[in-house]
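Written below as structure tokens is the structure these notes are about.
None of the values given here were measured: they were computed from a predicted structure. Chain letters run A, B, ... following the sequence lines, proteins first, then strands; residues in each count from 1.
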There are 2 protein chains.
Amino acid sequence: MSEETKFFEYLRRTGLKITRERKEILREVFTSHRHFDADELFLRLKGRGAGVSRATVYRTLALLVRSHLVRKMELGDGRATYEHVLGHPHHDHLICIQCNRILEFHHPEIEELQQKVCEEFDFKMKSHSQQIYGVCKECRKKQSS
Amino acid sequence: MSEETKFFEYLRRTGLKITRERKEILREVFTSHRHFDADELFLRLKGRGAGVSRATVYRTLALLVRSHLVRKMELGDGRATYEHVLGHPHHDHLICIQCNRILEFHHPEIEELQQKVCEEFDFKMKSHSQQIYGVCKECRKKQSS
DNA sequence: ATCCCTGCAAATCGTTTGCAAGAGC
DNA sequence: GCTCTTGCAAACGATTTGCAGGGAT
């Protein structure tokens, strides 16, 4: 089932409406595979004349998050970063503090250990996030030259 | 060497000044062992008539972070959370989404694996943070009753 | 028709900053 | 005395919201 269909189904189920603006945003979110923030998305839409306001971008992103088609992350620089879930199983992030590039990694063993930590604390995990900040390969290459 | 001395030394070294306001903030930060945000700290100071403005709280927290006596964390709710470093070696957090309690954990094996991930990506780690969101023991007890 | 949605601009919230007066060294 | 500091209030940037007109079902 396509992401579009999933979203429409979510809307229907929740008594919400399928509008031109929501379609535009949906298309923009799923045609790129990068991480983005709300304003970037707004500007991309504006750039191609999609006619969607900033307010609607925020409101629709909230819906996409609620319907689990998009993940929202607070990476600690004040604004939220989003990524769509399509073809992106759970993962964590390496964040370059020089070029802001975001790399993804997944390490099942770490996940297992997190689970163990929760058991020790009798803590029911709902989600987790893990960020490693540092300097990526490319930036280090540039620096050393 | 006391935290106060360390901070004063940092100030001296950097050509900054030791003021009444900075002493007040320092005292307040180190007499409690909880996590706090800037506004909580401001209110505690106000509560005991310390006569320090919100602006100065923010400015001094920045200095304390720069001097490595205090750690700043973005836990994803919009505002920053702080904790002093005294007697708190590096650790990560379990965050209860019901009562907002913050538990600390440290797992050397996880750290090792993170280091391994960085090597794979040829990524130079500078810092990392890891949060596990969920429901703590106490809140679960309350719910089930 | 009935809600739901939208754009706009104003409001919010945490945080930062310009400025003029005041304190440390 | 030269700087660094402070408080205040205004400025900020990301995000949210009230409202009144327009659209989906």
Side-chain angles (χ1 to χ4, degrees), chain A residues 4-5 7-29 35-46 49-67 70-82 100, chain B residues 4-5 7-29 35-46 49-67 70-82 100:
Chain A
E4 195 172 69
T5 313
F7 188 48
F8 291 171
E9 199 159 85
Y10 168 80
L11 292 175
R12 209 161 279 132
R13 186 162 16 99
T14 329
L16 303 177
K17 293 173 179 168
I18 298 170
T19 65
R20 186 188 58 77
E21 292 83 352
R22 288 178 180 165
K23 283 184 195 166
E24 293 280 14
I25 292 171
L26 203 59
R27 178 184 150 193
E28 195 61 46
V29 166
H35 298 77
F36 60 93
D37 65 40
D39 209 57
E40 273 168 43
L41 178 56
F42 166 71
L43 290 174
R44 271 198 269 145
L45 284 159
K46 187 175 186 176
V52 179
S53 74
R54 206 175 246 106
T56 296
V57 167
Y58 278 104
R59 288 192 270 233
T60 305
L61 277 174
L63 290 178
L64 285 167
V65 169
R66 256 176 262 156
S67 61
V70 164
R71 196 178 295 138
K72 177 180 185 174
M73 303 161 294
E74 320 265 356
L75 298 187
D77 61 339
R79 69 207 129 143
T81 301
Y82 299 84
N100 294 314
Chain B
E4 195 172 70
T5 313
F7 189 47
F8 290 172
E9 199 161 86
Y10 169 80
L11 292 176
R12 210 162 278 130
R13 188 165 12 101
T14 329
L16 303 178
K17 293 171 182 171
I18 297 170
T19 65
R20 185 187 60 75
E21 290 83 352
R22 286 177 183 167
K23 282 183 194 168
E24 292 281 14
I25 292 171
L26 202 58
R27 179 185 150 194
E28 196 61 45
V29 166
H35 298 77
F36 59 93
D37 66 39
D39 210 57
E40 273 168 41
L41 178 56
F42 167 70
L43 291 175
R44 273 197 269 145
L45 285 160
K46 188 174 184 176
V52 179
S53 73
R54 205 176 246 107
T56 296
V57 167
Y58 278 103
R59 288 192 271 233
T60 305
L61 277 174
L63 289 178
L64 285 166
V65 170
R66 256 176 262 156
S67 61
V70 164
R71 195 177 295 137
K72 178 180 185 175
M73 303 160 295
E74 320 265 357
L75 298 187
D77 60 341
R79 71 208 128 143
T81 301
Y82 299 84
N100 293 313

Return the set of residues passing salt bridge (Lys or Arg N to Asp or Glu O under 4.0 Å) with Glu74(B) (not counting sequence neighbours), or none when no residue passes.
none

Which residue is it: Arg44(A), Arg22(A), Lys46(A), Lys23(A)? I am looking for the one with a salt bridge (charged side-chain N to carboxylate O under 4.0 Å, His left out) to Glu28(A).
Arg44(A)

Min side-chain heavy-atom separation Leu61(B)-Phe36(B) under 4.5 Å:
yes

Main-chain N/O of Val57(A) paired with Thr60(A) side-chain donor or acceptor, under 3.5 Å:
no

Measure from the side-chain N and O atoms of Arg79(B) to the backbone N and O of Ala38(B), and report whether any donor-acceptor pair falls under 3.5 Å.
no

When every non-hydrogen atom of Arg20(A) is compared with those of Ala50(A), the smallest separation belongs to NH1-O, 2.9 Å

Contact boundaries on DNA chain C for chain B, cut-off under 4.0 Å to non-hydrogen atoms
dG14(C) to dC25(C)

Take the C1' atoms of the five end pairs on each side of the helix from dA1(C)-dT25(D) to dC25(C)-dG1(D), derive the two axes, and give their angle rounded to 10 degrees.
30°

Could you report the tightest heavy-atom contact between Leu41(B) and Ile25(B), atom names first, then the distance?
CD2-CG2, 4.2 Å

Per-nucleotide protein contact string for nucleotides 7-15 of chain D (B base, S sugar-phosphate only, - none; heavy atom under 4.0 Å):
BB-----SB

Roughly how far apart are Arg71(B) CZ and Tyr82(B) OH, rounded to 0.5 Å?
14.0 Å

Donor-acceptor contacts, no H, no angles, side chain residues 10-17 of chain B, under 3.5 Å, sequence neighbours left out:
residue	atom	partner	partner atom	Å
Thr14(B)	OG1	Tyr10(B)	O	2.4

Heavy-atom neighbours of Arg27(A) CZ exceed 12 at 6.0 Å:
no

Answer whether the closest heavy-atom distance between the side chains of Phe7(A) and Ile18(A) falls below 4.5 Å.
no

Flag side-chain contact, heavy atom, 4.5 Å: Phe42(A) against Leu45(A):
no

Is there a residue in residues 9-19 of chain A whose heavy atoms reach under 4.0 Å of DNA chain C, and which residues are they?
Gly15(A), Leu16(A), Lys17(A), Thr19(A)

